[in-house]
Amino acid sequence: MSKLQPARGTRDIYGEEARNMRAVVDAFQRVASSYGFEELATPIFEFTEVYKRPLGETSDIVSKEMYSFESSAREAGDKEPEELTLRPEFTAGICRAFISNGMQQNLPCRFMSWGPAFRRERPQKGRYRQFHQINAELLGQDNPEADVDIIAMAWRLLNELGLGDKIVLHLNSLGDQESRAAYRADLVAYLSSHKDRLSEDSLRRLETNPLRILDSKDEGDREIVAGAPPMSASMNEASKQFFDTVKAGLDAIGIPYVHDEKLVRGMDYYCHTAFEFITSELGAQGTVLAGGRYDGLIEQLGGPPTPGVGWAGGIERLAMLSAAGHVPARPVMLMPMGEAATRKAFELAEELRSAGANVISDRSGNLKKRLNRANRAGARFAVIVGDNELESGLAAVKDLDAGTQSDVAFPDLAETVCNMGGDAR
RNA sequence: GCGGGUGUAGCUCAGUAGGUUAGAGCGCCAGCUUGUGGUGCUGGAUGUCGCCGGUUCGAAUCCGGUCACUCGCCCCA
C-alpha cells in the first residue's frame with residue numbers, strides 16, 4: 001500500500017460516488033430553480049470574522065473545528081497578514097455577500113449554492129473534514145409562509161432523489177428572540193438545580209449551549225430532561241402563531257412531520273422554525289438536510305436588519321442514501337488503423353460528436369486489444385477505419401452487443417450510428 | 001477531543017501453537033486468435049503483511065507507539 005494518503009478526513013471522489021454526488025447537485029439546481037432560486041457562489045474562504053461572530057466564539061465550530069490561517073503578507077504584497085478561514089458552513093458567507101453587494105435593494109433574495117466546506121472533526125462515515133453541501137437561503141421574508149416554501153423545496157428535492165420514505169421531517173420552533181431567551185433562562189434554572197446528576201458533557205454545555213442538553217444521548221441526562229419545562233411553555237403569542245402558520249402550511253401541502261420539542265440548532269443565530277430531515281440508515285450521521293430561520297444574523301454581521309430562512313444538505317449523505325447517479329451514455333469507440341486512417345478519424349469523431357454521440361478514439365494496440373477496451377468502456381459500437389476502409393469509403397461499424405458488423409459510407413456514419421442507438425444505454 | 005473494532009496483492013479476504021521461497025477468488029498481462037471483443041483453455045506478474053520500534057536464533061503472527069479507516073460519544077450536513 002502506498003505511503004501517499006490524502007490528509008485525514010479528505011478523500012478522492014470518483015466513479016460511482018462522483019456520479020451519485022453529481023446527481024444530488026443536479027436535482028438540487030433543478031428543484032431550486034423551480035422555486036425561483038438563483039446561484040450565488042461565495043468564496044471558499046472568508047475573513048475569519050465572518051464566521052467567528054455569527055457562530056459564536058464558544059461554539060465548537062469556531063473554538064476547535066475551523067481551518068483558519070494567516071495569509072503571508074510579504075508574498076501577497078499585503079501590508080498586514082489577513083486572518084482567513086476555510087468556510088465551515090455556507091450561511092454566514094452568503095449573508096456577508098448580501099451585505100457586500102447591497103442586495104437589500106432587491107428583496108427578497110433566493111440563493112442556491114453548493115460546494116465544499118471544512119471542519120476539523122473526527123472523521124466517520126458520512127462525516128468528513130472536507131465535505132460538500134447544497135445550500136438554499138431565502139432573505140428578506142419575515143413571514144412564516146417563507147418557512148413553508150423553503151421546507152417544501154427541501155421536501156420536493158428529497159422526493160426527487162427517491163428518499164421520501166427514508167427520511168422523517170423533525171420540526172420545532174425556538175420562538176422569537178424574546179421567547180428563546182426566556183426559555184433558555186428557564187431551562188438553565190431547571191438544569192442547574194440538577195447539576196449533581198448531569199453528565200460531564202452536559203455540564204459543559206450548560207455554559208456553552210444549554211439547549212443542546214435537550215437531545216443528549218446520556219441516559220441520566222435524558223431522565224432529567226424529561227422533567228424539564230417544555231419549550232412551548234415559554235413561547236409568546238406571536239411566536240406560537242408563527243409556528244401554527246408554518247404547521248398549517250405544511251399540512252396544506254401534505255408534508256408529514258413530527259413536532260420534536262427537543263430539536264435545537266447548534267448555531268446561535270437561529271430563531272423560530274428549526275427543522276431536520278433525518279434518516280435511520282446512516283447511524284449517528286442521520287441528519288441529511290437541516291435548517292431554520294435566522295432573523296438576526298445579517299444585522300449582527302453589520303448589515304441592514306433582514307430576516308432569513310434557509311437550509312443546508314450534506315451531499316455525501318444524500319448521495320449515499322439515494323445512489324441516483326446516472327451513467328453517461330455509452331460511447332462509440334473509434335479505432336483508426338494506421339496513419340492515414342488516424343487523420344481521417346479526427347474528422348469522423350467530430351462529426352459523430354456533433355450528431356450527439358460520445359466518442360472515444362482508441363489509437364493504440366492491435367484490434368483485439370482495442371475491442372477489449374471497448375467492452376470495458378461499455379461501448380455500444382466500434383467503428384473501425386483502416387486502409388481498406390479508406391479505399392472503399394466505407395467504415396466498418398461493429399455492434400458490440402449483437403456481434404454484427406456492417407459497412408457504412410463515411411458521410412452517413414453519424415446519422416447511422418445515432419439511429420442505431422449510438423447514444424442509447 | 002474520548003472509548004471500542006479493523007489494517008495481508010488493484011479489489012474481497014484466508015493465513016494453522018511465532019519456523020524455510022506469504023496464499024485464494026476476482027481483476028490485470030500474455031498466448032491459443034499477424035484487422036475482430038465479451039465465453040473458454042494455458043501460462044504469467046504483483047505484496048518492504050499500514051508505518052516505526054521492541055521481545056526472539058527466528059515476527060504477518062507477541063508487545064509498545066504511531067498513522068489511517070470504522071462504530072459510538074461529542075459535534076453537525
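Computation of the quantities below employed the complete heavy-atom set of this structure, encompassing side-chain atoms and omitting hydrogens, waters and symmetry-equivalent molecules. Worth saying up front: this structure is predicted, and the values here are computed from it rather than measured. So that the names make sense, note that chain A is the first sequence line, chain B the second, and so on, each numbered from 1.
- For the pair Lys369(A) and rA30(B), the criterion of a side-chain N or O lying under 4.0 Å from OP1 or OP2 is met.
- Comparing the C1' positions of rG7(B) and rG44(B) gives a spacing of 29 Å, expressed to the nearest Å.
- Residue Leu400(A) is classed as a base contact, given a heavy-atom separation below 4.0 Å to a base.
- For rC75(B), the OP1/OP2 oxygens have a side-chain nitrogen or oxygen of Arg205(A) closer than 4.0 Å.
- Spacing between atom CZ of Arg317(A) and atom P of rC76(B) amounts to 12 Å, rounded to whole angstrom units.
- Note on Ala290(A): only backbone sugar-phosphate atoms sit closer than 4.0 angstrom, heavy atoms only; bases stay farther off.
- Counting atom types as modelled, Lys125(A) pairs no side-chain N or O with a base atom of rU70(B) as donor and acceptor under 3.5 Å.
- Taking the C1' atom of each, rC13(B) and rG47(B) are spaced 15 Å apart, rounded to whole Å.
- Annotation: rG15(B) and rA9(B) have their C1' atoms spaced 14 Å apart (nearest Å).
- Residues passing the side chain to side chain contact (heavy atoms under 4.5 Å, CB included) test with Ala146(A) are Leu138(A), Gln141(A), Asn143(A), Arg293(A), Val309(A), sequence neighbours excluded.
- One interatomic measurement links the two molecules: CG of Asp218(A) to C1' of rC75(B), which rounds to 16 Å at whole-angstrom precision.
- The aromatic ring centres of Phe37(A) and Trp311(A) sit 6.0 Å or more apart.
- Asp401(A) comes within 4.0 angstrom of a base, heavy atoms only.
- Looking at heavy-atom distances under 4.0 Å, Gln405(A) makes contact with a base.
- Contact between the side-chain N/O atoms of Lys217(A) and the OP1/OP2 oxygens of rC74(B) is found at a separation under 4.0 Å.
- Atom OG in Ser216(A) sits 9.0 Å away from atom CD1 in Ile224(A) (nearest 0.5 Å).
- One C1' atom belongs to rC74(B), the other to rG64(B), and the distance between them is 28 Å to the nearest Å.
- Atom CZ of Arg119(A) is separated from atom C1' of rA77(B) by 7 Å (rounded to the nearest Å).
- Salt-bridge annotation for Lys344(A) and Glu389(A): absent, with no side-chain N of the basic residue lying under 4.0 Å from a carboxylate O of the acidic one.
- Not a single donor-acceptor pair, N or O on each side, falls under 3.5 Å between the base of rC71(B) and the side chain of Arg127(A).
- Distance, Leu334(A) CG to rG35(B) C1': 15 Å, rounded to whole Å.
- Atom-to-atom, CD of Glu316(A) to C1' of rC69(B) comes out at 16 Å; the value is rounded to the nearest Å.
- As judged by a 4.0 angstrom heavy-atom cut-off over every strand, Gly403(A) is placed among the base-contacting residues.
- For the P atoms, the distance linking rU33(B) with rG23(B) amounts to 33 Å, nearest Å.
- Put simply, CD on Glu121(A) is 15 Å from C1' on rG72(B), counting in whole angstrom units.
- Residue Asn366(A) is classed as a sugar-phosphate contact, given heavy-atom separations below 4.0 Å to backbone atoms only.
- Residue-level contact check: Tyr128(A) touches the bases, meaning some heavy atom is under 4.0 Å from a base atom.
- Within the 4.0 angstrom heavy-atom criterion, base atoms lie near Asn375(A).
- A salt bridge does not link Glu219(A) with Arg222(A): none of the charged nitrogens is closer than 4.0 Å to a carboxylate oxygen.
- Between Arg110(A) and Asp149(A) there is no salt bridge, since none of the side-chain N atoms of the basic residue sits less than 4.0 Å from a carboxylate O of the acidic one.
- Partners of Glu178(A) according to the side chain to side chain donor-acceptor pair (under 3.5 Å) rule, which considers only residues two or more places apart in sequence or in another chain, are Asn236(A).
- Ionic pairing of Lys52(A) and Glu83(A) is not present here: no N-O contact between side-chain nitrogen and carboxylate oxygen is shorter than 4.0 angstrom.
- Spacing between atom CD of Glu219(A) and atom P of rG72(B) amounts to 17 Å, rounded to whole angstrom units.
- Remark: Arg8(A), Gly9(A) in residues 6-39 of chain A come within less than 4.0 Å of RNA chain B through at least one heavy atom.
- Put simply, the side chain of Asn372(A) and the base of rG37(B) share no donor and acceptor less than 3.5 Å apart.
- Straight-line distance between the C1' atoms of rU48(B) and rU34(B): roughly 42 Å, to the nearest whole Å.
- Between Gln124(A) and rG72(B) there is a side-chain N or O to OP1 or OP2 distance below 4.0 Å.
- One side chain, Glu276(A) or Thr287(A), offers a donor N or O that lies under 3.5 Å from an acceptor on the other.
- Residue-level contact check: Leu318(A) touches neither bases nor backbone, having no heavy atom under 4.0 Å from any strand.
- Among the heavy atoms of the strands lying under 4.0 Å from Asp387(A) is at least one base atom, whether or not backbone atoms are also near.
- Atom CD1 in Ile151(A) sits roughly 16 Å away from atom C1' in rA77(B) (whole-Å rounding).
- Residue-level contact check: Glu389(A) touches the bases, meaning some heavy atom is under 4.0 Å from a base atom.
- Between Arg212(A) and rC76(B), a side-chain N or O to OP1/OP2 separation shorter than 4.0 Å is present.
- Asp218(A) and Ser199(A) are not linked by any side-chain donor-acceptor pair at a separation below 3.5 angstrom, with hydrogens and angles left out of the test.
- Annotation: rA17(B) and rU21(B) have their C1' atoms spaced 22 Å apart (nearest Å).
- Comparing the same atom, P, in rU6(B) and in rC63(B) gives a spacing of 12 Å after rounding to whole Å.
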